Amino acid sequence: MNTEAKKRIEELTNIINQANYEYYTLSNPSLTDQEFDKYIRELENLENEYPELASPTSPTKRVGGEVIDKFKKIKHRIPMLSLPDVFNEEEIRAFDDRIKKSGFHVEYVCELKIDGLSGSFHYEDGKLITGATRGDGVIGEDITHNVKTIRTIPLSLKEKTDIEVRGEIFMGRETLASLNRDRSEKNLPLLQNCRNAAAGSIRQLDSKIAAERKLDSWIYHLPNPEDYGIKTHYEALEFMKSLGFKVNPNNRLVKDIDGILKFIEEFQEKRSYLPYDIDGVVIKVNDLEVQSALGYTAKHPKWAIAYKFPAEEVLTKLTDIIFTVGRTGRITPNAVLEPVIVMGSTIKRATLHNEDYVKEKDLKIGDIVSIRKAGDVIPEVVEAKKERRVGNELKFQMISNCPICGSVLEKKAGQVDHYCMNNKCPARKIEGLIHFCERKAMNIDGLGEKIMEDFFNLGFIKSIPDIYHLEKHQKDLQELEGYGKKSIDNLLNAIENSKQNSLEKLIFGLGIEGIGDKTALVLSKKYKTLDNIATQSEEELRKMKDIGSILAKNIHDFFENGDNIELINTLKELGLNTKYLGPEEKFNENISGKRFVVTGTISFMSREEIEATIENYGGFPSNSVSGKTNVVIVGEKPGSKAEKAKDLQIEIWDEEKWKSVYNNLEIDKEQD
């Protein structure tokens, strides 16, 4: 038995049970949605990995929370199951693929996921009889006296029929604002948010209080549509609407996965303008016969999912701070985090940059911290939630020795970074090898970070030339798990093909300090061969645009180093190309010498194609708008860069302007 897994399962079970109690019973949650989702997923993963440790009373087996004793209990005739959550496009496509693999090509209904409290409403002969919360999915709480105060839930239907419908009880944003203005004047505690306010209001014993809260509802589900001769979910929504229920007008029938993604994108933008809170989109198979054929798990229907919008910032625990060594010897502190989903991807690590960064943010091991993706890409620790400290957090200590080779670290005057100065430090070697193979460098598919670490530790690759001798280890590779003949052949072919890369790929791959892929391209275009670059003086290099004294010195020093010269000679002997093979730079008055930023979508070209065109005509693509930017090309759905360009009064080209410039380039090509 895995004792660590058993201990963690018990910890997670206690955390989730307490969170369920606070959320469903007390209406006063201490965890955010993102924290709760993270713990649920971690527990599910552990139970899948160690099924013998899964308890029959695990919170993953439950749909909701406990029923509080002060309300009468109501058993749902048909259980109120929850929906499985998904967090990114990949998971949505996986849901669609599962349905297609089951032999169905379906339409979907997309609905806004209202941030409120689920309820079930039972009518007999067209009259409201009971209203109940979801509870644990089987037994709910009788809230009939408060449901009757919600004006959007009819007391009498337009037809005398027996029916049960389900929906969401919520509080509108303006209602919350109005209530809080009134409570502030009376020196009462403010209501935290719309969801908590709705949940707390519906559980009041005195229905007068619920009536004052002006709750609202959207009806979204008919549990037994076949009893009414209904064939699709969308028909069920229209049927409930015809009876007098309030059905969300934004519900949409879509034809396929593209329609789903378009709906999500649309309402992710409109979300802040709605008069009520939403936290995602619910996606349901429309055809009821297909729903029936797909069936259910113990907890969820297989024909529906709930996509949750990515949070801009989420909370998680900083469990440790570890140190890594880069290819230049720079030491970087890294946050080790309890895994958390940020904008659709799971984050376990985040860079903390340097000692000063950690101290400025006053981060301690054990802190609850907020995480976001800087520029929607790189995980970033925003701040420590100091109010949630319990006293056992550990103060950060910067190391004084390299974590890999033990060498004493150096911090140069005026710099914030610490360095391992041992050129033969194994960590520096591994990082350099990984960098050499990455896509923007030599682009050797199959030699990623994990595989390179394995090959280094196994002794197959200790230096860059060893990459090109990997065929000597074919028999050893065949003995490794996951390496069949085809995968080995593909890897060796990728290595062999990399020998034909253009010079800029090799320059970037060599890892000259400060030289990125763009600068490598500029050098290659100007000097054409590796030998030409190697023989340039610092003074000559400084004359180039965007290469100042520091980069010029780095380039010059690299080619003065005897070990580097030996490496380059070896690579030449192995047959690696050392000449620039890309298109020759041309001149165009609209582009040459100018700095460009591209934002939004251009319909007839990708961003990469636009930037390549700009580079081919002597322009300089950039990722950020600044005072040095000359032109911002703005396509459909641009980001904040367009607004910044306006603020800085930078020239803006729309799609038509870029198309006109580009078409003239094409005319020039034809004339050539």
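Just so it is clear, the model here is predicted, and its values are computed rather than measured.
- By the neighbour-count criterion of 12 heavy atoms within 6.0 Å, atom NZ of K348 is sparsely surrounded, having that number or fewer from other residues, nucleotides or ligands.
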Q. Under the side chain to side chain donor-acceptor pair (under 3.5 Å) criterion, do K38 and T316 qualify, and how do the steps go?
A. CA-CA 9 Å; K38 174 190 67 176; T316 190; 2.8 Å; yes
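- Side-chain atoms of D557 do not come within 3.5 Å of backbone N or O of I555 as any donor-acceptor pair.
- Annotation: side chain of T613 is not in contact with side chain of I610 (no heavy-atom distance under 4.5 Å).
- Side-chain atoms of K385 never come within 3.5 Å of backbone atoms of V369 as a donor-acceptor pair (strictly under, hydrogens ignored).
- For the residue pair I371 and V382, the shortest heavy atom distance occurs at C-CG2, 4.4 Å.
- Between the side chain of K641 and the backbone N or O of P638 there is no donor-acceptor pair closer than 3.5 Å.
- Here the shortest heavy-atom pairing between L363 and E383 reads CD2-C, 4.4 Å.
- Side-chain atoms of K429 and S463 include no donor-acceptor pair closer than 3.5 Å.
- Counted within 6.0 Å of NZ on K572, heavy atoms from surrounding residues, nucleotides or ligands total more than 12; the atom is thus considered enclosed.
- Within 6.0 Å of NZ on K361 lie more than 12 heavy atoms contributed by other residues, nucleotides or ligands.
- Side-chain contact between D37 and K308: present, with at least one pair of heavy atoms (C-beta onward) separated by less than 4.5 Å.
- Screening residues 251-273 for side chain to side chain donor-acceptor pair (under 3.5 Å), with sequence neighbours left out, gives E107-K255, R252-E266, E265-K637, E266-K270.
- For the pair P339 and I347, the minimum side-chain heavy-atom distance is 4.5 Å or more.
- We find the CG-CD distance between L433 and E449 to be 12.0 Å, quoted to the nearest 0.5 Å.
- N334 places no side-chain N or O within 3.5 Å of a backbone atom of L352 that could act as its donor or acceptor partner.
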Q.
T529 vs N532, test: side chain to side chain donor-acceptor pair (under 3.5 Å). Steps then yes/no.
A. CA-CA 5 Å; T529 71; N532 285 344; 3.2 Å; yes
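- Using the six-membered ring where Trp is involved, Y357 and H353 have ring planes that are perpendicular, over 60° apart on the 30 and 60° scheme.
- Put simply, the side chain of S624 does not reach to within 4.5 Å of the side chain of V597, judged on heavy atoms.
- Minimum interatomic distance between I305 and L83 (heavy atoms only, all atoms of both residues): O-CD1, 4.1 Å.
- Among all heavy-atom pairs drawn from N630 and G593, the shortest one is OD1-O, 4.4 Å.
- Distance check: E35 CD to I368 CD1 gives 6.0 Å after rounding to the nearest 0.5 Å.
- N250 and N248 share a side-chain donor-acceptor pair at under 3.5 Å.
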Q) Under the ring pair (Phe, Tyr, Trp, His ring centres under 6.0 Å) criterion, do H435 and F508 qualify, and how do the steps go? A) CA-CA 9 Å; H435 172 77; F508 181 53; 4.6 Å; yes
Q: Just do the side-chain contact (heavy atoms from CB on, under 4.5 Å) check on F436 and L447 with the steps written out, would you?
A: CA-CA 10 Å; F436 184 84; L447 279 182; over 6 Å; no
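- Remark: side-chain polar atoms of E609 are paired, donor with acceptor, to backbone N or O of S606 under 3.5 angstrom.
- Within the model, atoms CE of M442 and CG of L510 stand 8.5 Å from one another, a figure rounded to the nearest 0.5 Å.
- With contacts defined as side-chain heavy-atom distances shorter than 4.5 Å, the pair N590/Y617 does not qualify.
- Looking only at distances, a side-chain donor or acceptor of N564 sits under 3.5 Å from a matching main-chain atom of F558.
- For E539 and K543, the salt-bridge test fails: no basic side-chain N is under 4.0 Å from an acidic carboxylate O.
- Within the 3.5 Å criterion, the main-chain N or O of E656 finds no donor-acceptor partner in the side chain of S660.
- Cation-pi geometry between K411 and Y419 is not satisfied (NZ or CZ under 6.0 Å from the ring centre, within 45° of the ring normal).
- Remark: the backbone N or O of A520 is paired with a side-chain donor or acceptor of S524 at under 3.5 angstrom.
- When only modelled atom types and interatomic distance are considered, E651 and W653 share a side-chain donor-acceptor pair under 3.5 Å.
- Side chains of S603 and E655: a donor on one and an acceptor on the other come within 3.5 Å.
- Screening R195, K113, R173 for a side-chain hydrogen bond (donor to acceptor under 3.5 Å, both in side chains) involving D277 leaves a single residue, R173.
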Q: Evaluate salt bridge (Lys or Arg N to Asp or Glu O under 4.0 Å) for R372 paired with E380, printing each intermediate quantity in order.
A: CA-CA 5 Å; R372 70 182 175 201; E380 175 186 26; 2.9 Å; yes
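- Contacts classified as side chain to side chain donor-acceptor pair (under 3.5 Å) and involving residues 497-512 (residues at least two apart or in different chains) are given here: Y468-S498, E496-K499, S502-E504.
- Among residue pairs with one or both ends in residues 619-635, none qualify as salt bridge (Lys or Arg N to Asp or Glu O under 4.0 Å); sequence neighbours excluded.
- Atom CG of L253 has more than 12 heavy atoms from other residues, nucleotides or ligands within 6.0 Å.
- A pairwise comparison of heavy atoms in G172 and C194 identifies O-SG, 3.9 Å as the closest pair.
- With salt bridges taken as basic N to acidic carboxylate O contacts below 4.0 Å, one links R41 and E91.
- For H233 and E111, the side-chain atoms include at least one donor-acceptor pair closer than 3.5 Å.
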Q: Run the numbers on V285 and Y108 for side-chain contact (heavy atoms from CB on, under 4.5 Å), then give the verdict.
A: CA-CA 5 Å; V285 169; Y108 295 100; 3.9 Å; yes
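- Residues L274 and L112 meet the side-chain proximity criterion, which asks for heavy atoms closer than 4.5 Å.
- For R607 and E611, the salt-bridge test fails: no basic side-chain N is under 4.0 Å from an acidic carboxylate O.
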Q | Stepwise side-chain contact (heavy atoms from CB on, under 4.5 Å) check, L571 with T578 | A | CA-CA 9 Å; L571 294 179; T578 59; over 6 Å; no
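- Residues T599 and I633 are not in side-chain contact: their nearest non-hydrogen atoms beyond the backbone lie 4.5 Å or more apart.
- When all heavy atoms are compared, the tightest approach of G635 to I602 is CA-CD1, 3.6 Å.
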Q | Worked check of side-chain contact (heavy atoms from CB on, under 4.5 Å) between V661 and I591 | A | CA-CA 9 Å; V661 171; I591 298 176; 4.1 Å; yes
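- Within a 6.0 Å radius of NZ in K518, other residues, nucleotides and ligands contribute more than 12 heavy atoms.
- Looking only at side-chain heavy atoms (C-beta outward), F309 and V281 come within less than 4.5 Å of each other.
- More than 12 heavy atoms of other residues, nucleotides or ligands shown are found within 6.0 angstrom of CG on D654.
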